[in-house]
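Some notes on the structure that comes next.
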Amino acid sequence: MDHVHLKRKLESLDGRGYKAYKQIRGAYSFHRFTLFIDYVQGDPYAAPSRLRVRVPREASGFPPALSEGRARRVALEDYLARAFRAAIRKHVKGRRGSGRSGMVDIDSGGQEILERTAALVTDEFVELRFVVGLPAAGRRCLGREAQAILGGEVPVLVEESLSHGSLDAGSVKAHVEAAEDQQALRELLAESGLVAFVADGAVLPRESGVSDLPLGRGRVVEFRAPAELRVEFDLPNRGRVGGMGIPEGVTLVTGGGYHGKSTLLKALERGVYDHVPGDGRELVVTRADAVKIRAEDGRRVEKVDISPLIADLPFDADTTAFSTENASGSTSQAANIVEALEVGSRLLLIDEDTSATNFMIRDEMMQRLIAKEKEPITPFIDQVDTLYREHGVSTVLVMGGSGDYFEVADTVIAMENYQPKVVTQQAREIVASHPGRRRREGGGRFGALVERCPRPGCIDPARGRKEKVSVRGTKTIVFGSETVDVGLVEQLVDESQARAIAEMARHAVRAGYVDGDTSMRELLARVLADVEQGGLDVISPHIAQGAPTGAHPGDFALPRGFELAAMLNRLRSLRIEQRRPAAGTPCTAAGHAPGTRCAAGSPGRSPPG
Ligand code: ADP
Ligand code: MG
């Protein structure tokens, strides 16, 4: 239908009951774009209406090179959503009546560039998905006001954001090139034996504890790589860049309080994502499988084999299949590690500030006072190097309060006035001149990684007869009758990722992946493969039910499998069958022979392959 038709319809709705707006669902052609009204809210106070605008690729003027390859396409989409948001701020009048009347909004990102459903760039078209509060006076349609938005404001927004000619071409190009460089850098890490890279000139500190924006220049000490760890890379767009490469193995970050240790680690945590130009961390890149590990007492744990780290708990609690409704600091931290390894993490990031001390260290005095037989915990210090040798799992660990880790660290970095210095040699000399009185605990073996299969029915989005799924920021995911606390899952960085996680869990159930024979690792792989194949839209229940004009999923952002696993592992309803590798199969979870059935019970630890 023509846009003039929409105009007439809206004018005729003026003064009628709000439900009459339902009639405007449909597609309308404007001069340069098509407007889709996919979902119309039932009430001015309800969730706003969902719309899309689509411009033919040709007419949009974006050169094909801007979206060649996944990195560039995602970054271009990200840019367009941001441009649309900027245009909204500039041109939309805002409140035009009761409830959400007059609001126009799009789900655009923060400092990270994430794949999101708010924008879609293909060879045929560019599309933005956004929401509009259709205006009302009380509960009566304000059709003329609606026309002012849909026929007046929206075309201006489209003109400013979906046309290459009206955007700053240099800034669009810089955006996609920055993302492409970051992904190239991430791939270069592995072949260089590095786990992370921090470029010279990077700005790591943030404006405040509640803002992810960079601390203002002038107050920042820019990052400079120490000579010993200096590496250079050639990036596809930026060319040669230099900075600090953190090698695989065990890296200790130490130094005085308030000298920038945690700030460095935080930047590494976020380095699994790409950042926007100007963020300061756009050349701070970490392996994609890095997982932040912390203590999280109170969380639920379901049948996790934490026995390499904790054994012989009081009352004979079985730590090869450890379950609790209320984990302690140390058991929660152990479970967080084992769960991350189970689904493929090969880099652990740990900060003393958020760790359980008794999990991290057990010093000589304590070894004298409390016999090993009376201490269930094998401190992480006695497994951290074993983890690397046996499973290729590296660790970057911040610790300023104890020198015990000198002995096991391959690299020691001291932060001094926010600048890194390599002190590995000094730390070794100190160890050598103070021969260890601390005795090593643990058998020098971590053991096989056990896979866990969620039982059928235990992941359930239903509450009563209806399915219920929603989120509150990045802290809480409501899933069926449960409220899942993901507030301490620190690499879940965007509310739209939380929404996607909830829908991915629902998708896994719908697709039949929760069948008791599919392990957590396989489940993540299958969900992510579906998304890879069909785009992030596939997790939307509306798309899945084939609704022709359902509510478009314009507010998902792609999470990693690790964060999806974190949500599932925190479900209080989760029920697991362990699947232990048969003797002779490789001992890493990733190398586990496919198709092996999950076995009930826990037959004890099998020898590593
Ligand atoms: P630590 O973990 O060593 O105790 P933090 O990393 O928490 O220290 O940093 C202490 C303070 O210094 C924080 O307020 C942080 O924002 C600030 N800061 C960190 N790095 C820098 C930097 N490079 N330049 C300026 N301020 C910084
Ligand atoms: Mg700190």
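Ligands are counted one by one from 1 in listed order, and the atoms in each one are counted from 1 as well. Note that the structure is predicted; figures quoted are calculated from it, not measured.
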Assess [X] for proximity to ligand 1: is some non-hydrogen atom of it under 4.0 Å away?
{"X": "H259", "result": "yes"}
{"X": "G400", "result": "no"}
{"X": "L204", "result": "no"}

Option of least heavy-atom distance to atom 20 (N) of ligand 1 (set: F223, Y258, Y418):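 Among F223, Y258, Y418, the closest heavy atom to atom 20 (N) of ligand 1 comes from Y418.
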Less than 4.5 Å apart, any side-chain heavy atom of Q367 and any of E375?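 No, every pair of side-chain atoms sits at 4.5 Å or beyond.
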Measuring from E441:CD to Q383:CD, what's the distance to the nearest 0.5 Å?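 Taking CD in E441 and CD in Q383, the distance rounds to 10.5 Å.
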Set of ring-ring contact (aromatic ring centres under 6.0 Å, His included) partners for F380, sequence neighbours left out: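 Scan of F380 (ring-ring contact (aromatic ring centres under 6.0 Å, His included), adjacent residues dropped) gives F359.
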I'd like to know if K372 pairs up with D312 as an ion pair, taking the criterion as any Lys NZ or Arg NE/NH1/NH2 lying under 4.0 Å from an Asp or Glu carboxylate oxygen.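 Salt bridge flag = no for D312 with K372.
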Atoms in ligand 1 flagged as close to [X], the criterion being non-hydrogen separation under 4.0 Å:
{"X": "G256", "value": "3 (O)"}
{"X": "V220", "value": "24 (N), 25 (C)"}
{"X": "G257", "value": "4 (O)"}

Any N or O of G260 closer than 3.5 Å to N or O of ligand 1: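 Yes: some nitrogen or oxygen of G260 is under 3.5 Å from one in ligand 1.
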Please indicate whether any nitrogen or oxygen in R206 is less than 3.5 Å from any nitrogen or oxygen in ligand 1.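 No, since none of the N or O atoms of R206 sits under 3.5 Å from an N or O of ligand 1.
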Run E407 and R440 through salt bridge (charged side-chain N to carboxylate O under 4.0 Å, His left out) and show every step you take. CA-CA 11 Å; E407 209 165 338; R440 201 181 160 95; over 6 Å; no
Please name the atom of D353, limited to N, O or S, that comes nearest to the Mg ion (ligand 2).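 The closest N, O or S atom of D353 to the Mg ion (ligand 2) is OD2.
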For the Mg ion (ligand 2), decide whether S262 has an N, O or S atom at a distance under 2.8 Å.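 Of the N, O and S atoms in S262, at least one lies under 2.8 Å from the Mg ion (ligand 2), which means yes.
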Strictly under 2.8 Å, is the Mg ion (ligand 2) approached by any N, O or S atom of D351?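 No - counting backbone and side chain alike, D351 has no N, O or S atom under 2.8 Å.
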Please work out, at 4.0 Å between heavy atoms, whether the side chain, the backbone, both, or neither of R219 comes within that distance of ligand 1.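 Backbone only.
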Heavy atoms from other residues, nucleotides or ligands near CZ of R240 exceed 12 (cutoff 6.0 Å):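 Counting other residues, nucleotides and ligands, CZ of R240 exceeds 12 neighbours.
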Give me the ring orientation class for F197 and F233: parallel if the planes are under 30° apart, tilted from 30 to 60°, perpendicular past 60°.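 Ring orientation of F197 relative to F233: perpendicular.
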